[in-house]
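Proteins come first, then strands; the chains are lettered A, B, ... in the order of their sequence lines, and each starts at number 1. What you are looking at is a predicted structure, and each value in this text was computed from that prediction instead of being measured.
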Protein chains: 2
Amino acid sequence: MRRNTRQRDAVASALAQIPGFVSAQTLHGQLKAQGDTLGLATVYRTLASLVDDDRADILTSPDGENLYRACTTSRHHHHLICRTCGMTVEIEADAVEQWAQSLASEHGFTGAHHVVDVFGDCAACSAQPRA
Amino acid sequence: MRRNTRQRDAVASALAQIPGFVSAQTLHGQLKAQGDTLGLATVYRTLASLVDDDRADILTSPDGENLYRACTTSRHHHHLICRTCGMTVEIEADAVEQWAQSLASEHGFTGAHHVVDVFGDCAACSAQPRA
DNA sequence: TGTCTTATTGAGAATCATTGTCAATATGCC
DNA sequence: GGCATATTGACAATGATTCTCAATAAGACA
């Protein structure tokens with residue numbers, strides 16, 4: 001049975017207020033800054049369970065950190081992510097889905113799962129000479 | 001100035017003999033097993049420099065490990081990777097390149113860089129009940 | 001060929017995100 | 001309110017990767 005706890009709510013609502021992807025560490029830092037004391041391990045566990053329930057997205061940044069984000073849609077989708085500010089645009093691209101599927105089956109692969117994400121500097125961040 | 005060393009050759013040729021992606025740790029293990037003694041740090045450094053010179057590919061596996069592979073083409077490409085045996089098919093897909101580029105510019109992103117990889121079980125591995 | 005400069009190596013320590021441990025606590029059902 | 005147990009928190013443990021720094025060896029030059 002899954003219980004509702006203060007901590008779970010705190011993590012979920014903190015995540016919901018952030019427009020882009022954040023690392024577990026950062027989220028933990030923000031919660032602590034707000035006065036919400038809770039363990040780092042709890043943040044990790046809660047994020048993992050949110051991902052499990054499809055209530056959050058997870059992705060690995062180019063430098064190997066796991067980043068999390070509240071899901072706005074439960075449909076499968078991809079992301080366009082600003083590498084400076086973390087701002088994210090959700091992308092749905094049926095063409096890509098189909099391409100990945102047919103590619104996999106052409107080569108005899110089963111259980112295909114794909115990773116399609118685009119990183120760049122968003123308009124606002126590219127305008128700034130240097131953060 | 002870049003010097004040629006026994007270790008650099010050993011890493012490069014070991015990598016060239018492996019058909020799929022391997023982790024630095026695994027590669028180090030294989031080299032040691034062959035009697036080629038060299039430090040783990042050296043393997044990491046050498047792999048990083050190979051990637052720098054576009055002589056090797058790097059990708060992050062779903063469980064967060066960095067995997068390396070000798071490049072067979074210097075053109076930009078993607079991968080279809082067997083999650084069981086590591087066997088890899090190189091994919092060139094201009095359609096995907098164009099899609100990523102236009103997607104990025106539509107949203108005002110600059111310096112876009114994309115991650116497009118497909119993981120699955122290859123024909124041989126799906127045939128096996130369980131490795 | 002011998003010498004010299006310095007890129008490179010190796011062993012282990014250090015880092016850093018993440019996960020495991022386990023006693024203490026709090027939740028939801030009765 | 002009481003109870004069984006899911007969850008928490010502090011910290012240890014893990015594991016990949018990077019850093020440190022003295023020792024070594026590659027390549028240039030005489």
Side-chain angles (χ1 to χ4, degrees), chain A residues 1-15 18 20-53 55-69 81 83 86 115 119, chain B residues 1-15 18 20-53 55-69 81 83 86 115 119:
Chain A
M1 178 209 316
R2 179 148 293 173
R3 293 177 181 170
N4 295 324
T5 65
R6 173 180 65 78
Q7 291 88 342
R8 194 181 300 276
D9 284 348
V11 170
S13 74
L15 194 63
I18 294 172
F21 278 84
V22 271
S23 69
Q25 308 272 348
T26 306
L27 194 61
H28 178 234
Q30 291 199 8
L31 284 165
K32 255 202 327 205
Q34 286 175 20
D36 244 320
T37 341
L38 70 174
L40 179 56
T42 303
V43 174
Y44 275 102
R45 276 185 294 234
T46 305
L47 287 172
S49 79
L50 288 174
V51 171
D52 242 34
D53 293 351
R55 301 211 289 132
D57 272 338
I58 183 175
L59 80 80
T60 302
S61 80
D63 45 282
E65 226 178 348
N66 280 129
L67 304 180
Y68 299 85
R69 177 166 194 267
I81 304 137
R83 75 179 115 234
V115 175
F119 292 88
Chain B
M1 178 206 320
R2 179 149 292 173
R3 292 176 181 174
N4 296 325
T5 65
R6 171 178 66 78
Q7 291 88 343
R8 194 180 300 275
D9 285 348
V11 171
S13 74
L15 194 63
I18 293 173
F21 278 85
V22 271
S23 68
Q25 308 271 348
T26 306
L27 195 62
H28 178 234
Q30 291 198 9
L31 285 165
K32 255 203 325 206
Q34 286 176 20
D36 244 319
T37 341
L38 69 174
L40 180 55
T42 303
V43 175
Y44 275 102
R45 275 185 296 234
T46 305
L47 286 172
S49 79
L50 288 174
V51 171
D52 241 35
D53 294 350
R55 301 209 290 131
D57 272 339
I58 183 176
L59 80 80
T60 303
S61 79
D63 45 282
E65 226 178 348
N66 279 130
L67 304 179
Y68 299 86
R69 178 167 195 264
I81 304 138
R83 75 179 117 235
V115 175
F119 293 88

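- The side chain to side chain donor-acceptor pair (under 3.5 Å) test applied to A/R83 returns no partner, not counting sequence neighbours.
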Original post:
Along nucleotides 24-30 of chain D, 5' to 3', which nucleotides get a B, which get an S, and which get a -, given that the test is a protein heavy-atom distance under 4.0 Å?
Top reply: -BBS---
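- In terms of the side chain to side chain contact (heavy atoms under 4.5 Å, CB included) criterion, residue partners of B/A41 (sequence neighbours excluded) are, by chain and number, B/R45.
- Bending across the helix from C/dT1-D/dA30 to C/dC30-D/dG1, expressed as the angle between its end axes from five pairs apiece, amounts to 40° (10° rounding).
- Atom-to-atom, CD of B/E65 to P of D/dT18 comes out at 13 Å; the value is rounded to the nearest Å.
- Contact check, B/N66 against D/dT17: a side-chain N or O comes under 4.0 Å of OP1 or OP2.
- Counting to the nearest Å, the P atom of C/dT19 and the CG atom of A/D52 are 12 Å from each other.
- As a whole-Å value, the separation of A/R8 CZ from C/dG28 P is 10 Å.
- Checked against side chain to side chain donor-acceptor pair (under 3.5 Å), B/T5 has no partners two or more places apart in sequence or in another chain.
- A search for side chain to side chain contact (heavy atoms under 4.5 Å, CB included) contacts involving A/L40 returns A/Q25, A/H28, A/Y44, not counting sequence neighbours.
- Applying the salt bridge (Lys or Arg N to Asp or Glu O under 4.0 Å) test to residues at least two apart or on different chains, none of the pairs has a partner in residues 20-31 of chain B.
- Summary of the strand contacts: B/Y44 and A/T42 both lie near DNA chain D, and taking for each the nucleotide with the nearest heavy atom, the more 5' one is attributed to A/T42.
- In this structure, A/K32 atom NZ and D/dG9 atom P are separated by 12 Å, rounded to whole Å.
- Among residues two or more places apart in sequence or in another chain, the ring-ring contact (aromatic ring centres under 6.0 Å, His included) test is passed with B/Y68 by none.
- The closest donor-acceptor contact from the side chain of B/T46 to the backbone of B/T42 lies under 3.5 Å.
- When rounded to the nearest whole Å, the span between CD of B/Q25 and P of D/dG15 equals 10 Å.
- Counting only residues at least two apart or on different chains, no salt bridge (Lys or Arg N to Asp or Glu O under 4.0 Å) pair has a member in residues 20-33 of chain A.
- Surrounding CZ of B/R55 are at most 12 heavy atoms belonging to other residues, nucleotides or ligands under 6.0 Å away.
- Straight-line distance from the NE2 atom of A/H28 to the P atom of D/dG9: 8 Å, rounded to whole Å.
- Partners of A/T26 according to the side chain to side chain contact (heavy atoms under 4.5 Å, CB included) rule, which considers only residues two or more places apart in sequence or in another chain, are A/V22, A/S23, A/Q30.
- Regarding A/L47, its CG atom lies at a distance of 10 Å from the P atom of C/dT19, rounded to whole Å.
- For B/Q7 and C/dG10, the CD to C1' distance is 9 Å, given to the nearest whole Å.
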All N/O pairs under 3.5 Å across the protein-nucleotides 11-14 of chain C interface:
none

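- In this structure A/D53 satisfies the side chain to side chain donor-acceptor pair (under 3.5 Å) test together with A/R2, sequence neighbours excluded.
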